[in-house]
> 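Encoded as structure tokens, here's the structure I'll be asking about.
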Amino acid sequence: MGNPDDSNVKLVGAVVQAVKLLHALEVSDKPMGVSALARETKINPSTAFNILRTLVVEKLVNFDEPSKTYALGGGLLTLSRKLLGHSLVAEIRPELNRLATETSCLVGIWQATPDRMILIERAVSDQPMRLDMPVKQRLPIMMGAVGRAMAAYLKMTDPQLRAAFRKLRWEGPISADDYVEQVRTARETGYGIDRGTLYPGIVSIGVIISGGDGRPLYGLTASDFEARFDDDRIADVSARMTSLAKLFSI
């Protein structure tokens with residue numbers, strides 16, 4: 001096979017045209033109609049329409065029926081999730097280390113998938129007695145402090161929360177009523193708290209980092225031994241985490 005950079009490589013016209021349409025939508029400050037996109041990209045209007053319709057089906061482009069206009073879709077974020085994850089880790093790592101040092105907490109960044117949160121990086125405190133957890137650890141997406149934050153962010157209804165709760169296995173005592181109430185509190189405060197129900201004796205705080213389309217992309221957690229995590233410290237750590245999540249939300 002030839003080198004992809006070879007000037008003699010034969011380009012696939014439909015792919016080139018699709019990329020041109022995506023670029024046109026990316027630089028536009030508002031959604032665009034087919035005619036405007038065709039003029040901008042110098043693509044035949046009927047060809048542009050068919051390509052855009054395909055991109056809509058693949059969720060790479062969104063179509064607004066009332067205005068008959070197109071905009072970039074959330075599917076692009078799904079395609080680039082792995083790349084975004086590597087980029088975010090590189091950017092946020094110094095902040096994770098700083099937060100772990102200043103709060104004496106175990107701090108983690110979790111990538112959201114449809115049904116799991118996956119730990120992609122963590123920073124440990126410099127305390128002699130400290131928590132740690134392995135990268136690639138997985139949690140059900142509604143579990144723990146970050147799960148409560150996720151449920152709150154998604155504005156799940158009480159019946160949805162109760163249905164999700166029944167599928168979860170907790171280590172500490174908690175009822176469905178407790179869980180629903182804690183998600184309501186997370187909705188008000190902007191962060192979730194787990195007090196020993198995921199891991200006995202451990203308190204965790206969780207916040208959500210969102211993408212450009214408002215979708216939750218990552219979770220940020222801070223955890224420490226329950227005996228060292230009083231209400232004043234929770235207030236301080238949660239404020240730091242909320243600010244950090246806003247900083248890194250797209």
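As a basis for the values below, the full set of heavy atoms in this structure was taken, side chains included, without hydrogen atoms, waters or symmetry mates.
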> Please answer: with hydrophobic residues joined when any side-chain heavy atoms are less than 4.5 Å apart, are Leu131 and Phe229 in the same cluster?
no
> Please walk me through it: do Gln137 and Trp110 pass side-chain contact (heavy atoms from CB on, under 4.5 Å)?
CA-CA 9 Å; Gln137 178 175 337; Trp110 303 73; 4.3 Å; yes
> Do Ile209 and Leu217 come within less than 4.5 Å of each other through their side chains, counting heavy atoms only?
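Result no, sub-4.5 Å side-chain heavy-atom pair not found.
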> Before you tell me yes or no, could you show the steps for Glu58 and Leu55 under side-chain contact (heavy atoms from CB on, under 4.5 Å), namely the whole-Å CA-CA distance, both residues' side-chain angles and the distance that decides it to 0.1 Å?
CA-CA 5 Å; Glu58 297 299 329; Leu55 293 174; 5.7 Å; no
> Does some side-chain heavy atom of Asp132 sit less than 4.5 Å from a side-chain heavy atom of Leu106?
yes
> Without swapping roles, check the side chain of Arg122 against the backbone of Met133 for a donor-acceptor pair under 3.5 Å.
yes
> Check whether Val124 and Val146 end up in the same hydrophobic cluster, where Ile, Leu, Val, Met, Phe, Trp and Tyr are linked by side-chain heavy atoms less than 4.5 Å apart.
yes
> Are any non-hydrogen side-chain atoms of Ser210 and Arg215 less than 4.5 angstrom apart?
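With C-beta onward as the side chain, the pair stays apart.
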> Go through it in stages, so that I can follow the logic: the residues are Leu25 and Met32, the test is side-chain contact (heavy atoms from CB on, under 4.5 Å), and I'd like the CA-CA distance, side-chain angles, deciding distance and then a yes or no.
CA-CA 7 Å; Leu25 290 173; Met32 300 176 68; 4.2 Å; yes
> Spell out, as yes or no, whether a donor-acceptor pair under 3.5 Å connects the side chain of Arg116 to the backbone of Ala112.
no
> To the nearest 0.5 Å, what is the distance between CG on Asp194 and CD on Glu171?
11.0 Å
> State, to 0.1 Å, how close Arg228 and Met129 come at their nearest heavy-atom pair, and which atoms those are.
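Where Arg228 meets Met129 most closely, the heavy atoms are NH2-O, 3.1 Å.
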> If we only count heavy atoms from C-beta on, is the Val61 to Leu21 side-chain gap below 4.5 Å?
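With C-beta onward as the side chain, the pair stays apart.
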> State the CG-CE distance between Leu154 and Met142, to the nearest 0.5 angstrom.
5.0 Å
> How are the rings of Trp170 and Phe165 set to each other: parallel, tilted or perpendicular (split at 30° and 60°)?
parallel
> Are any side-chain N or O atoms of Glu95 and backbone N or O atoms of Ile92, one a donor and one an acceptor, separated by less than 3.5 Å?
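Checked: no pair found.
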> Taking the basic N atoms (NZ, or NE/NH1/NH2) and the acidic carboxylate oxygens, is any pair closer than 4.0 Å for Arg162 and Asp158?
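Between Asp158 and Arg162 there is no salt bridge, as every charged N stays at least 4.0 Å from the carboxylate O atoms.
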> Does Asn50 use its side chain to pair, donor to acceptor, with the backbone of Ser46 at less than 3.5 Å?
yes
> With rounding to the nearest 0.5 Å, note down the distance linking CG in Asp224 to CZ in Arg130.
12.0 Å
> Side chains of Asp178 and Ser175: is there a donor and an acceptor less than 3.5 Å apart?
yes
> Taking the side chain as every heavy atom from C-beta outward, state whether Leu198 and Leu139 have any pair of such atoms under 4.5 Å apart.
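They are in contact (side-chain heavy atoms under 4.5 Å apart), so the answer is yes.
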> Between Thr41 (side chain) and Leu37 (backbone), is there a donor-acceptor pair under 3.5 Å?
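Present.
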> Tell me, yes or no, whether the heavy-atom count around Arg138 atom CZ, taken from other residues, nucleotides or ligands under 6.0 Å, exceeds 12.
no
> Using side-chain heavy atoms (C-beta onward) and a distance below 4.5 Å, is Phe225 in contact with Ile202?
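Of all side-chain heavy-atom pairs linking Ile202 with Phe225, at least one is under 4.5 Å.
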> Does Glu40 have more than 12 heavy atoms from other residues, nucleotides or ligands lying within 6.0 Å of its CD?
no
> With rounding to the nearest 0.5 Å, note down the distance linking CG in Leu72 to NZ in Lys59.
15.5 Å
> Going hydrophobic residue to hydrophobic residue with side-chain gaps under 4.5 angstrom, can you get from Tyr153 over to Met117?
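Shared cluster, yes.
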> Check whether any side-chain heavy atom of Tyr218 lies under 4.5 Å from a side-chain heavy atom of Ile120, and answer yes or no.
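SC-SC contact between Tyr218 and Ile120 confirmed.
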> Minimum heavy-atom separation for Cys105 to Val237, with atom names?
SG-CG2, 4.4 Å
> side-chain contact (heavy atoms from CB on, under 4.5 Å) for Val183 and Met156? Distances and angles first, verdict last.
CA-CA 9 Å; Val183 171; Met156 295 177 66; over 6 Å; no
> Quick one: OG1 on Thr54 to CG on Leu60, what's the gap to the nearest 0.5 Å?
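Result: 10.0 Å between the selected atoms.
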> Can you hop from Ile208 to Leu96 via hydrophobic side chains spaced under 4.5 Å?
no
> Can you tell me how far the CG atom of Leu52 sits from the OG1 atom of Thr47, to the nearest 0.5 Å?
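Here the rounded value is 10.5 Å.
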> Quick check: is Ile174 connected to Met150 through a chain of hydrophobic side chains (ILVMFWY, heavy atoms under 4.5 Å apart)?
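Both belong to a single hydrophobic cluster.
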> Taking the side chain as every heavy atom from C-beta outward, state whether Arg148 and Thr197 have any atom pair closer than 4.5 Å.
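Yes, side chains in contact.
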> Between Ser104 and Arg233, is there a side-chain donor-acceptor contact under 3.5 Å, judged purely by atom types and distance?
no
